[in-house]
Number of protein chains: 2
Amino acid sequence: MRLNPRRVAEVDRLIHEPARLMIITILSTVESTDFLYLERETGLTKGNLSSHLSKLEAADYIEIEKTYRGKIPLTICKLSEKGEKAFLNYRDQLKYIVENT
Amino acid sequence: MRLNPRRVAEVDRLIHEPARLMIITILSTVESTDFLYLERETGLTKGNLSSHLSKLEAADYIEIEKTYRGKIPLTICKLSEKGEKAFLNYRDQLKYIVENT
DNA sequence: ACAAATCAGTTTGTGCTACAAACTAGTCTG
DNA sequence: CAGACTAGTTTGTAGCACAAACTGATTTGT
């Protein structure tokens with residue numbers, strides 16, 4: 001089995017970025033979750049988390065629903081169908097790298 | 001088994017960058033190789049390749065030897081001990097991600 | 001009652017980095 | 001010996017990750 005280097009460079013950079021990879025791995029294990037949970041789990045600052053979520057949303061990889069817990073704003077995030085597929089595909093890329101080196 | 005998101009963000013960014021990941025995966029499969037081979041295999045431009053190699057060299061992940069093929073300059077690259085270790089460690093990180101998501 | 005602190009985020013500014021275009025220094029060819 | 005080619009390096013720029021500062025509402029302290 002011969003590794004094709006070009007394939008390595010084809011990884012989805014939107015997912016490849018560690019901060020977003022964290023977010024997506026978390027979202028892949030739960031039905032949905034909120035901003036504050038993601039903030040705690042990832043250790044990202046709010047600003048950073050916010051902008052990464054926006055990017056993932058812009059790519060339709062996640063869906064963001066803004067609602068309220070009582071009177072306090074609540075931001076619910078969940079992986080979209082498209083995001084799930086993209087992540088599965090990304091995992092396959094990683095597997096390909098791990099298995100062929 | 002519960003995935004720890006923070007571990008995901010700990011990946012070695014020097015290796016994580018796709019262009020450099022290509023370079024390192026190639027170097028991990030050969031004893032050593034030259035600039036032009038890397039250029040062909042990766043599809044990177046010379047400039048881009050040159051700067052990535054410099055970064056890897058600065059981190060002591062690779063060793064670069066400048067010599068001549070006849071009268072024509074020849075740049076030989078090989079993975080260092082440190083680079084090999086770093087790459088093994090990186091692969092373990094990828095494995096961790098693949099196996100826990 | 002109203003100032004201060006807290007909550008749940010977003011916007012703005014900055015420094016770094018990947019990338020390609022332009023350049024360099026030497027070699028070969030007609 | 002002029003022009004093209006080889007093997008790279010340097011320079012300039014656009015984009016991105018990140019944190020600091022801000023926003024706008026709520027709750028707490030006195």
Side-chain angles (χ1 to χ4, degrees), chain A residues 5-6 8-27 32-59 61-78 86 90, chain B residues 5-6 8-27 32-59 61-78 86 90:
Chain A
R6 309 274 180 121
V8 172
E10 278 165 15
V11 293
D12 186 338
R13 294 183 93 108
L14 210 66
I15 298 181
H16 197 57
E17 165 60 33
R20 287 189 295 266
L21 186 51
M22 276 198 288
I23 294 169
I24 294 203
T25 57
I26 292 170
L27 290 181
S32 72
T33 190
D34 60 66
F35 189 96
L36 293 175
Y37 178 83
L38 290 174
E39 189 192 359
R40 276 196 309 278
E41 286 288 296
T42 61
L44 296 171
T45 59
K46 287 178 196 302
N48 202 1
L49 176 55
S50 176
S51 69
H52 284 305
L53 289 178
S54 295
K55 251 157 220 174
L56 291 171
E57 188 188 25
Y61 280 9
I62 66 171
E63 281 150 25
I64 297 181
E65 192 194 349
K66 284 180 183 306
T67 170
Y68 285 87
R69 167 176 30 217
K71 296 183 173 177
I72 292 168
L74 179 67
T75 300
I76 300 284
C77 309
K78 71 180 301 249
Y90 179 77
Chain B
R6 310 273 180 123
V8 172
E10 279 165 14
V11 292
D12 186 337
R13 293 184 95 107
L14 210 67
I15 297 181
H16 197 57
E17 164 61 31
R20 286 189 295 265
L21 185 50
M22 277 197 289
I23 295 169
I24 293 201
T25 56
I26 293 170
L27 291 181
S32 72
T33 191
D34 61 66
F35 188 95
L36 293 176
Y37 178 82
L38 288 174
E39 188 191 1
R40 276 195 309 279
E41 286 289 297
T42 61
L44 295 171
T45 60
K46 287 178 197 300
N48 202 2
L49 176 56
S50 175
S51 69
H52 283 306
L53 289 179
S54 295
K55 251 158 219 173
L56 290 171
E57 188 188 24
Y61 280 9
I62 66 172
E63 280 149 25
I64 297 182
E65 192 194 349
K66 286 181 181 309
T67 168
Y68 283 87
R69 169 177 27 220
K71 294 184 174 176
I72 292 170
L74 179 67
T75 300
I76 300 283
C77 308
K78 73 179 303 249
Y90 179 78

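A, B, ... follow the sequence lines: proteins, then strands. Residue 1 opens every chain.
Straight-line distance from the CD atom of B/E57 to the P atom of D/dG8: 13 Å, rounded to whole Å. If you measure from atom CG of A/L49 to atom C1' of C/dT10, you get 11 Å, rounded to the nearest angstrom. Between the CD1 atom of B/I23 and the C1' atom of C/dA18 there is a distance of 12 Å, given to the nearest Å. Atom OH in B/Y37 sits about 18 Å away from atom C1' in D/dA7, given to the nearest Å. If you measure from atom CZ of A/F35 to atom C1' of D/dT23, you get 14 Å, rounded to the nearest angstrom. Here the P atom of nucleotide D/dA17 and the CG atom of A/L21 are 13 Å apart, to the nearest Å. Taking atom CG on A/L53 and atom P on D/dC16, their separation rounds to 17 Å, with Å as the unit. Atoms NZ (A/K55) and P (C/dT11) sit 13 Å apart, rounded to a whole Å.
Two residues are said to be in side-chain contact when any heavy atoms from C-beta on lie closer than 4.5 Å; A/D34 and A/T75 fail this criterion. Contact annotation: the side chain of B/I23 never approaches that of B/Y61 to less than 4.5 Å [non-hydrogen atoms, C-beta and beyond]. Looking at B/L53 and B/F35, their side chains come closer than 4.5 Å, going by heavy atoms from C-beta outward. B/E17 has its side chain out of reach of B/M22: every pair of non-hydrogen atoms, C-beta onward, lies at least 4.5 Å apart.
Out of D/dA17, D/dA7, D/dT9, the shortest distance to the side chain of B/L36 is found at D/dA7. When each of C/dT17, D/dT9, C/dT10 is scored by its nearest atom to the side-chain atoms of B/K66, the top-ranked nucleotide is D/dT9.
Here A/R20 does not reach the OP1 or OP2 of D/dC16: none of its side-chain N or O atoms lies under 4.0 Å away. Within the structure, every side-chain polar atom (N or O) of B/N48 is placed at least 4.0 Å from both OP1 and OP2 of C/dA18. Considering only side-chain N and O atoms, A/R69 lies nowhere under 4.0 angstrom from the phosphate OP1 or OP2 of C/dC7. For the OP1/OP2 pair of C/dT17 and a distance below 4.0 Å, the side-chain nitrogens and oxygens of B/H52 include no atom meeting the criterion. Considering only side-chain N and O atoms, A/R13 lies under 4.0 angstrom from the phosphate OP1 or OP2 of C/dC19.
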For A/L56 and A/I64: C-alpha separation, side-chain torsions, deciding distance, then whether side-chain contact (heavy atoms from CB on, under 4.5 Å) applies. CA-CA 10 Å; A/L56 291 171; A/I64 297 181; over 6 Å; no
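Residue whose closest nucleotide on DNA chain D sits further toward the 5' end, between B/S51 and A/E17: B/S51.
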Reading nucleotides 22-30 of chain C from 5' to 3' and marking B where a protein heavy atom lies under 4.0 Å of the base, S where only the sugar-phosphate is that close, and - otherwise, the string is -----SS--
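In this structure, B/L44 reaches neither bases nor backbone, as no heavy-atom distance under 4.0 Å exists between it and the strands shown.
Side-chain N/O atoms of A/N48 and A/H52 include a donor and acceptor closer than 3.5 Å.
For the side chain to side chain contact (heavy atoms under 4.5 Å, CB included) with A/E41, the qualifying choice from A/T33, A/T25, A/I26, A/L36 is A/I26, the only one to do so.
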